[in-house]
*Asks:* 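Quick one: the structure is below, questions incoming.
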Number of protein chains: 2
Amino acid sequence: MALAHDYVRSNGLDALTMRRLAVAADVTPGALYKHFRDRKDLQRAMSDAIYATIDLSDIDTANPSIDNVKTCCERMRRAMLAFRDGGRIVAGSYAPLSATLNLSATLMTLLHAVTAPEHSPGQLAAVLRSYTTGFVIDEQAYLELSGTDEWDSLVQQIAANGHHRPTEADDLIAILTGDRNRRFDTGLDMILTGLVQASLAPPT
Amino acid sequence: MALAHDYVRSNGLDALTMRRLAVAADVTPGALYKHFRDRKDLQRAMSDAIYATIDLSDIDTANPSIDNVKTCCERMRRAMLAFRDGGRIVAGSYAPLSATLNLSATLMTLLHAVTAPEHSPGQLAAVLRSYTTGFVIDEQAYLELSGTDEWDSLVQQIAANGHHRPTEADDLIAILTGDRNRRFDTGLDMILTGLVQASLAPPT
DNA sequence: ACCTGAACACCGTTCAAGT
DNA sequence: ACCTGAACACCGTTCAAGT
């Protein structure tokens, strides 16, 4: 398992194949199928391994706050970012394994206390997850591209195709190349502010 | 191009290979490389073809409103849902092709008028995109799984592994199996409400 | 319980050569 | 400009057989 992540870290998800993992593990390809049912099962295990790197010990679930929720999401993003293609590995893998469920549980507990009464904590958890994974996938796609000459040609294509409204093309590129930490944070704020306003700042 | 989507519609993205597409197009594998640089280029073209199905003609950009923004996002989701694995096809593909840029542009125009002054419309556009794609990926992953016996075994795993807090396990499943249209909509509301509040309901 | 060897039915991509 | 044929270096998965 650790081997699989080592491999992806240095070679990317698309380069991870059962056969290459087998040689990395000094084993015959067929032997892997005693440990994982198939490639999808391997990816689920990798997904959970990513969640397993998230340290939640300092988060006081007895004392929930919006900041705690944000910290959870930020750590989720950090964890995914720490693995090459981490976003894609996690997205839609539905890994109901221990580390994944663990994060879900603490996030849910925090949200129970913080969510405005008219919304469901589970629903908000889903929104936050969708946002975070979607964000990281885009981010990592950009990271893989930038630096290569493929990125330059993409930028040129955007400029060329968006001839009608040149400002938006620039905007599109600026968003990607800008400070992504801040952008993620602001996005979180955008989502959370609307939700807690009702409970924290009730109409006088 | 249309052929590629037909193929994915009936066989799924993972089953789409250059070779199979070639036989579907009644052509030799090598011939495809005169139309697409590689597999990634093909996926970018497919991504744009998905956006091309979105009809924006009835959206009055001169008269921007929150409802118009929501309509845009809903149609984006609809378009992705209409194609098998549409979310994954679009996610992080950075297709700077005409239909994609077209949607970006109208969304941006609408947001320019509606976004609270302290936030950037481009940033909000990115948040909405992250949310929508993330949502659809999860949704389609569920749709592919549900119905198969794999889904049943996942549900059992969730129940078994989440032994500490059984309620949350149920919650997790309920979220997925519930009314996803409503869930998407509420999520949008959650995001947008916080953002326009400042401009629509200024403190007295 | 875990592994090997060997096989089966595939992949993406390239490239000289044809029209 | 577009296509074929053929090749190269790979894939995931299965399964009898070994230990």
Side-chain angles (χ1 to χ4, degrees), chain A residues 1-49 84-85 88-95 97 141 144-145 148-151 153-154 157, chain B residues 1-49 84-85 88-95 97 141 144-145 148-151 153-154 157:
Chain A
M1 192 51 273
L3 263 168
H5 264 121
D6 282 357
Y7 193 92
V8 173
R9 168 170 284 106
S10 35
N11 301 92
L13 179 63
D14 293 330
L16 176 73
T17 65
M18 298 301 262
R19 286 181 116 103
R20 295 214 254 241
L21 181 59
V23 326
D26 245 326
V27 111
T28 260
L32 289 180
Y33 290 80
K34 293 286 150 188
H35 301 275
F36 310 102
R37 215 207 313 269
D38 50 21
R39 216 185 173 287
K40 243 158 93 178
D41 195 43
L42 168 63
Q43 184 161 328
R44 257 197 286 269
M46 293 176 72
S47 174
D48 200 61
R84 226 227 274 201
D85 293 322
R88 272 164 67 213
I89 292 173
V90 165
S93 85
Y94 286 132
L97 308 174
E144 296 273 336
L145 243 54
T148 71
D149 36 350
E150 247 190 300
W151 172 249
S153 84
L154 268 188
Q157 269 186 65
Chain B
M1 192 51 272
L3 264 167
H5 263 121
D6 282 356
Y7 193 92
V8 172
R9 169 171 282 105
S10 35
N11 301 92
L13 179 62
D14 293 329
L16 177 73
T17 66
M18 299 302 263
R19 286 181 116 102
R20 295 214 257 241
L21 181 59
V23 325
D26 243 328
V27 113
T28 261
L32 289 180
Y33 289 80
K34 294 284 149 186
H35 301 275
F36 310 102
R37 216 208 312 271
D38 50 21
R39 213 184 176 288
K40 244 159 93 180
D41 196 44
L42 169 63
Q43 184 161 329
R44 258 196 286 269
M46 293 177 73
S47 174
D48 200 62
R84 186 135 56 135
D85 292 324
R88 271 164 66 211
I89 292 173
V90 166
S93 86
Y94 286 133
L97 309 175
E144 295 273 336
L145 243 54
T148 71
D149 36 350
E150 248 190 298
W151 172 249
S153 85
L154 268 187
Q157 267 187 68

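Below, chain A is the first sequence line, B the second, and so on; all start at residue 1.
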*Asks:* Using a strict threshold of under 4.0 Å (side-chain N to carboxylate O), is an ion pair present between Arg88(A) and Asp14(A)?
*Replies:* yes
*Asks:* Given Glu144(A) and Asp85(A), is the side-chain contact (heavy atoms from CB on, under 4.5 Å) satisfied, shown in steps?
*Replies:* CA-CA 9 Å; Glu144(A) 296 273 336; Asp85(A) 293 322; 3.7 Å; yes
*Asks:* Taking salt bridge (charged side-chain N to carboxylate O under 4.0 Å, His left out) as the definition, give me every residue that meets it alongside Lys40(A), ordered by chain and number, with sequence neighbours left out.
*Replies:* Glu150(B)
*Asks:* So, using side-chain hydrogen bond (donor to acceptor under 3.5 Å, both in side chains) as the criterion, who are the partners of Gln43(B) when residues are at least two apart?
*Replies:* none
*Asks:* Expected output check: what is the dot-bracket annotation of DNA chain C, where ( ) and [ ] are pairs inside the strand (brackets for crossing ones), | is paired with another strand, and pairs are Watson-Crick or G-U under 3.5 Å?
*Replies:* ||.|||||...|||||.||
*Asks:* What verdict does the side-chain contact (heavy atoms from CB on, under 4.5 Å) test give for Val8(B) and Met46(B), after you've listed the backbone C-alpha separation in whole Å, the side-chain angles of each residue and the deciding distance to 0.1 Å?
*Replies:* CA-CA 10 Å; Val8(B) 172; Met46(B) 293 177 73; 3.3 Å; yes
*Asks:* Walking along DNA chain C from 5' to 3', note the first and the last nucleotide with an atom under 4.0 Å from a heavy atom of chain A, and give both.
*Replies:* dC3(C) to dA7(C)
*Asks:* Residues from residues 13-26 of chain B sitting under 4.0 Å of DNA chain C, heavy atoms only?
*Replies:* Thr17(B), Met18(B), Arg19(B), Arg20(B)
*Asks:* Let me know which of Ile89(A), Leu42(A), Leu97(A) forms a side-chain contact (heavy atoms from CB on, under 4.5 Å) with Ser47(A).
*Replies:* Ile89(A)
*Asks:* Take His35(B) and Arg37(A), find for each the nucleotide of DNA chain D with the closest heavy atom, and name the residue whose nucleotide sits nearer the 5' end.
*Replies:* His35(B)
*Asks:* Pick the nucleotide of DNA chain D nearest each of Thr28(B) and Tyr33(A); which residue has the one closer to the 5' end?
*Replies:* Thr28(B)
*Asks:* Nearest heavy-atom pair of Arg44(B) and Ala95(B): which atoms, and what distance?
*Replies:* O-CB, 3.6 Å
*Asks:* Side-chain donor-acceptor contacts of residues 15-33 of chain A below 3.5 Å, not counting sequence neighbours, with atom names and distances?
*Replies:*
{"from": "Thr17(A)", "atom 1": "OG1", "to": "Arg20(A)", "atom 2": "N", "distance (Å)": "3.0"}
{"from": "Arg20(A)", "atom 1": "NE", "to": "Tyr7(A)", "atom 2": "OH", "distance (Å)": "3.2"}
{"from": "Arg20(A)", "atom 1": "NE", "to": "Ala15(A)", "atom 2": "O", "distance (Å)": "3.0"}
{"from": "Arg20(A)", "atom 1": "NH2", "to": "Ala15(A)", "atom 2": "O", "distance (Å)": "3.4"}

